[in-house]
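On a predicted model such as this, the values are computed, not experimentally measured, just so you know. Proteins get letters first, then strands, A, B, ... in listed order; numbering begins at 1 in each.
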Number of protein chains: 2
Amino acid sequence: MSIQIGIVEDQARIRENLKTRLGFFEEIEIVLEAENADNALQQLQKFSKLTLPQIILMDIEMPGKSGIEATHIIKKEYPEIDILIQTVFENEDKIFQSIQAGASGYLLKDDPIKKYVDAIKELVNGGAVLSPSIAIKVMKFVKNEQSSKVDKVKEAQEEFSLSDRELEILQGIVEDLTEPQIGEKLFISPHTVRTHIKNIYKKLHVHSRASAVRLAIKRGLAQ
Amino acid sequence: MSIQIGIVEDQARIRENLKTRLGFFEEIEIVLEAENADNALQQLQKFSKLTLPQIILMDIEMPGKSGIEATHIIKKEYPEIDILIQTVFENEDKIFQSIQAGASGYLLKDDPIKKYVDAIKELVNGGAVLSPSIAIKVMKFVKNEQSSKVDKVKEAQEEFSLSDRELEILQGIVEDLTEPQIGEKLFISPHTVRTHIKNIYKKLHVHSRASAVRLAIKRGLAQ
DNA sequence: GTTTACATACCCGATTCGGGGTATTCTTGA
DNA sequence: TCAAGAATACCCCGAATCGGGTATGTAAAC
């Protein structure tokens with residue numbers, strides 16, 4: 001039972017090349033080819049549910065709708081189709097937009113055809129495939145999203161040159177404590193709290209509690 | 001020039017198995033083997049900078065320090081060493097902890113040896129490698145982290161039963177506009193703004209701008 | 001010794017906010 | 001028709017914040 005795939009690629013030379021080379025693999029059957037997204041979408045309408053391609057190789061840069069937009073639409077109307085992006089783009093924008101659109105794989109155009117075949121097989125088995133240079137960017141993203149909370153606070157504290165005391169006062173602001181309440185908590189006069197707040201606002205370049213809270217949360221100074 | 005690797009794995013049978021099978025590849029040279037993290041760290045101290053292994057195959061579950069902890073330490077003291085996790089664990093906890101610790105690859109123990117060799121080569125070339133069933137989890141994570149901003153706002157708006165107008169007023173609060181300024185912007189009286197704010201606070205269960213801003217940002221109602 | 005940063009403390013007037021209310025009109029759904 | 005929600009508008013008053021200042025003492029670095 002061969003794997004039915006589609007190829008969406010605006011450049012005829014590349015499309016024919018892919019078709020030819022993938023055609024050598026008897027476990028792969030090309031059932032759709034399109035030169036742009038709209039053409040692909042039109043063709044998809046003519047398939048019955050049972051004969052839809054299982055995987056579509058999708059270019060990104062095409063006239064009319066981009067491959068990313070097409071991915072959005074296909075994943076919405078045909079969720080069972082897996083999209084394997086094939087592209088020259090290694091920049092993070094395109095990578096993350098593709099993932100967001102629902103792509104299950106991201107290969108580069110200069111990856112060897114063997115990699116394409118392996119990827120197609122993995123996708124059919126419910127996995128995902130990332131070219132190594134893409135995988136490293138994705139892992140970096142994951143690492144950054146999960147940076148230790150403590151480290152982030154320290155970094156931001158340094159960025160804004162806040163003293164430890166000022167960070168404590170800021171925490172009181174974020175918790176919506178009044179000046180006297182912060183004073184009570186830290187065993188200082190409300191007047192002292194007021195003075196610290198003025199200094200904090202100066203360092204953060206804000207003029208109100210609302211702004212201070214917003215910045216503190218967005219920049220990792222508080223939760 | 002062969003690739004120098006290390007193997008850290010507590011189970012002797014698996015360690016020997018890996019060693020034997022990888023030993024068949026002449027582009028790979030095993031220069032370190034350890035039954036646990038501490039042993040590996042001790043051995044690493046005896047290498048000169050020039051002879052350190054380029055890649056370490058790291059198990060996760062071991063007595064004493066886990067492979068994840070060891071990865072942390074190694075990436076800190078020997079940042080040029082790439083860590084390839086080899087493990088039975090497919091759960092997200094372990095995946096993300098490993099990535100956070102600095103691993104460049106994550107393979108499963110039942111992946112074929114060919115995949116190990118390919119992964120080793122890719123890591124040396126500066127890429128990263130994820131087993132397909134791991135890649136799909138990572139991509140899901142990325143997709144979730146990047147959920148459409150518009151969708152999130154709508155969901156949260158519904159969660160708090162805010163009207164469209166109330167959402168606009170809340171945006172004005174987040175932007176630190178005064179009541180008269182919000183009124184000017186939306187062509188209504190400051191009194192009207194005041195009334196909307198009261199309604200918003202009731203729905204959000206807050207009592208101040210600071211709290212409203214904090215909640216709005218944390219819950220996706222505003223940026 | 002001097003300077004800077006930090007922590008502490010205080011005063012004052014102006015402004016805004018917050019919460020207690022009041023009210024009318026329009027739209028939608030039962 | 002009625003009720004509820006939304007949008008609009010207004011009053012009152014006390015509380016709290018904000019920004020302009022003032023000041024002293026300590027510690028560390030030059």
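Rounded to an integer number of Å, the gap from B/Phe187 CZ to D/dA9 P is 12 Å. Atom-to-atom, NE2 of A/His196 to P of D/dA23 comes out at 19 Å; the value is rounded to the nearest Å. Rounded to whole Å, the distance from CG on A/Leu186 to P on C/dA9 is 11 Å. Look at CD1 on A/Ile200: it is 13 Å from P on D/dT17, rounded to the nearest Å. Between the CG atom of A/Leu170 and the P atom of C/dC6 there is a distance of 15 Å, rounded to whole Å. A/Asn199 places its CG atom 14 Å from the C1' atom of C/dC10, with the value rounded to the nearest Å. Rounding to whole angstrom units, CD1 of residue A/Ile188 and P of C/dT8 are separated by 5 Å. The NZ atom of B/Lys202 sits 9 Å away from the P atom of C/dG21 (whole-angstrom rounding).
For the 3.5 Å distance criterion, the side chains of A/Ser133 and A/Glu90 qualify, holding a donor opposite an acceptor.
Phosphate proximity of C/dA7 to A/Thr195: absent, as no side-chain N or O sits under 4.0 Å from OP1 or OP2. Dashed line: the shortest gap from a side-chain N or O of B/Ser163 to OP1 or OP2 of D/dA7 is under 4.0 Å. For the pair A/Lys203 and C/dA5, the criterion of a side-chain N or O lying under 4.0 Å from OP1 or OP2 is not met. Applying the 4.0 Å criterion to OP1 and OP2 of C/dT8, one finds that A/His191 has every side-chain N and O outside that range. Contact annotation: B/Thr192 reaches the phosphate of D/dA9 (side-chain N/O to OP1 or OP2, under 4.0 Å).
Residue-environment remark: NZ (B/Lys65) stays at or below the threshold of 12 foreign heavy atoms within 6.0 Å. With a 6.0 Å radius and a threshold of 12 heavy atoms from other residues, nucleotides or ligands, B/Glu80 has its CD atom above the threshold.
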Base-contact (B) and sugar-phosphate-only (S) positions in nucleotides 14-19 of chain C, heavy-atom cut-off under 4.0 Å, - elsewhere:
---SBB

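Using a 4.0 Å cut-off between charged nitrogen and carboxylate oxygen, B/Glu9 and B/Lys109 count as a salt-bridge pair. Using a cut-off of 4.0 Å between Lys/Arg side-chain N and Asp/Glu carboxylate O, A/Glu175 and A/Lys185 are scored as salt-bridged. One finds no salt bridge joining B/Lys140 and B/Glu92 here, because no Lys/Arg side-chain nitrogen approaches an Asp/Glu carboxylate oxygen to under 4.0 Å.
Annotation: cation-pi pair B/Lys203/B/Phe160 absent, no NZ/CZ under 6.0 Å from the ring centroid and within 45° of its normal.
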